[in-house]
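Here is the naming used below: chain letters follow the sequence lines, and residue numbers restart at 1 for every chain. Only a predicted model underlies this, so the values are computations on that prediction, with no experimental measurement involved.
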Amino acid sequence: NAGVTQTPKFRVLKTGQSMTLLCAQDMNHEYMYWYRQDPGMGLRLIHYSVGEGTTAKGEVPDGYNVSRLKKQNFLLGLESAAPSQTSVYFCASNLGIAVSYEQYFGPGTRLTVT
Amino acid sequence: GNSVTQMEGPVTLSEEAFLTINCTYTATGYPSLFWYVQYPGEGLQLLLKATKADDKGSNKGFEATYRKETTSFHLEKGSVQVSDSAVYFCALSDRTGNTPLVFGKGTRLSVIA
């Protein structure tokens, strides 16, 4: 049981390049999330998904797209990277948005856009 | 909307000192409350939680009590260790089930020997 895994762990992009971050979970969780973490800003929700084939916008969705074609995977795409997207990205999953469901986090992807 | 406010860091303590990290919240109804911990280079992991007023969550020597009257969920530990050095996040879950977790900005704790 690997929990939540993220690929890649590190990436450096040039402005304007595109990339996709992959999140995978093996816990049969319905809900998945993408966050970014910046110094002094805590965690900010980018997009989330309440089930296979669904996505919803979070607090800071601009410049990102997501897809949830399979229940176990949640992809985060950057179509045209900008330096403001330099951050650490975390994926998380849980059984659902309910009273006490714990979120499980991946180890993070550190992205630098130059 | 729902929000969480936690004390600004960083907090630096000597080993065996008493720790308090303040957390207050704004929410409609009666949310569930959580503390997550992030060790260096890792993702967040759940430390403890409380789902109703006056509940006390506890784990690894840490405690927090859900205080509805003061809308607070302060994290405490009687004697910190160097291994407790991490970033601590307070979070709430709306009981309506319509919104994801809302996190505070995090408090960095450094414990020195």
Side-chain angles (χ1 to χ4, degrees), chain A residues 2-7 9-10 21 23-25 27 29-51 54-61 66 74 87-110, chain B residues 1-10 21 23 25 27-53 55-57 59 64 66 73 86-108:
Chain A
V4 179
T5 57
Q6 294 182 230
T7 309
K9 288 186 169 51
F10 303 93
L21 282 67
C23 175
Q25 53 91 8
M27 296 173 283
H29 284 169
E30 287 293 331
Y31 288 52
M32 297 187 74
Y33 313 83
W34 275 108
Y35 295 90
R36 59 178 290 173
Q37 184 178 31
D38 302 293
M41 301 296 291
L43 285 172
R44 292 183 292 171
L45 183 66
I46 304 171
H47 287 280
Y48 64 101
S49 167
V50 301
T54 74
T55 62
K57 294 180 179 179
E59 181 186 355
V60 289
V66 288
F74 194 30
S87 188
V88 181
Y89 292 86
F90 288 99
C91 177
S93 71
N94 67 357
L95 285 171
I97 300 177
V99 170
S100 63
Y101 286 153
E102 174 185 352
Q103 281 192 0
Y104 293 82
F105 284 79
T109 295
R110 185 174 295 276
Chain B
N2 298 333
S3 67
V4 173
T5 303
Q6 57 182 109
M7 62 187 288
E8 299 276 337
I21 300 178
C23 171
Y25 67 89
T28 53
Y30 305 98
S32 289
L33 300 171
F34 305 81
W35 276 102
Y36 280 80
V37 59
Q38 183 182 30
Y39 298 106
E42 298 183 8
L44 281 70
Q45 55 187 275
L46 180 67
L47 180 60
L48 53 84
K49 67 182 180 185
T51 59
K52 61 183 188 295
D55 266 3
K56 178 185 283 187
N59 186 24
Y66 187 160
F73 193 54
V87 181
Y88 293 82
F89 292 90
C90 186
L92 71 81
S93 171
D94 186 335
R95 278 181 178 266
T96 67
N98 293 328
T99 55
L101 282 179
V102 174
F103 286 89
K105 293 188 176 181
T107 302
R108 182 176 298 278

Colleague: Count the heavy-atom pairs under 4.5 Å between each of B:Q45, B:Q6, B:K105, B:E42 and chain A, then report the option with the highest count.
Modeller: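 Top option by heavy-atom pairs under 4.5 Å: B:K105.
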Colleague: Testing A:Y35, A:F90, A:F105, A:Y104 one by one against B:Y36 for a ring pair (Phe, Tyr, Trp, His ring centres under 6.0 Å), which residue passes?
Modeller: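 Of A:Y35, A:F90, A:F105, A:Y104, ring pair (Phe, Tyr, Trp, His ring centres under 6.0 Å) with B:Y36 is met by A:F105 alone.
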Colleague: With sequence neighbours excluded, what pairs up with B:Q38 under the side chain to side chain donor-acceptor pair (under 3.5 Å) test?
Modeller: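 Per chain and number, B:Q38 pairs via side chain to side chain donor-acceptor pair (under 3.5 Å) with A:Q37.
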Colleague: Please work out which of the three classes, parallel, tilted or perpendicular, describes the rings of A:Y48 and A:Y33, given edges at 30° and 60°.
Modeller: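 Judged by the thresholds at 30° and 60°, the geometry between A:Y33 and A:Y48 is parallel.
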Colleague: Could you have a look at A:G106, A:A92, A:G42 and say which one has the most heavy-atom pairs with chain B under 4.5 angstrom?
Modeller: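 Most pairs with chain B among the choices: A:G42.
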Colleague: Between chain A and each of B:G41, B:G9, B:G43, count heavy-atom pairs under 4.5 Å; write down the option with the most.
Modeller: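 Of B:G41, B:G9, B:G43, B:G43 has the most heavy-atom pairs under 4.5 Å with chain A.
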Colleague: Look at atom CD of B:E8 and say whether more than 12 heavy atoms of other residues, nucleotides or ligands are closer to it than 6.0 Å.
Modeller: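 For B:E8, atom CD is not crowded (no more than 12 foreign heavy atoms under 6.0 Å).
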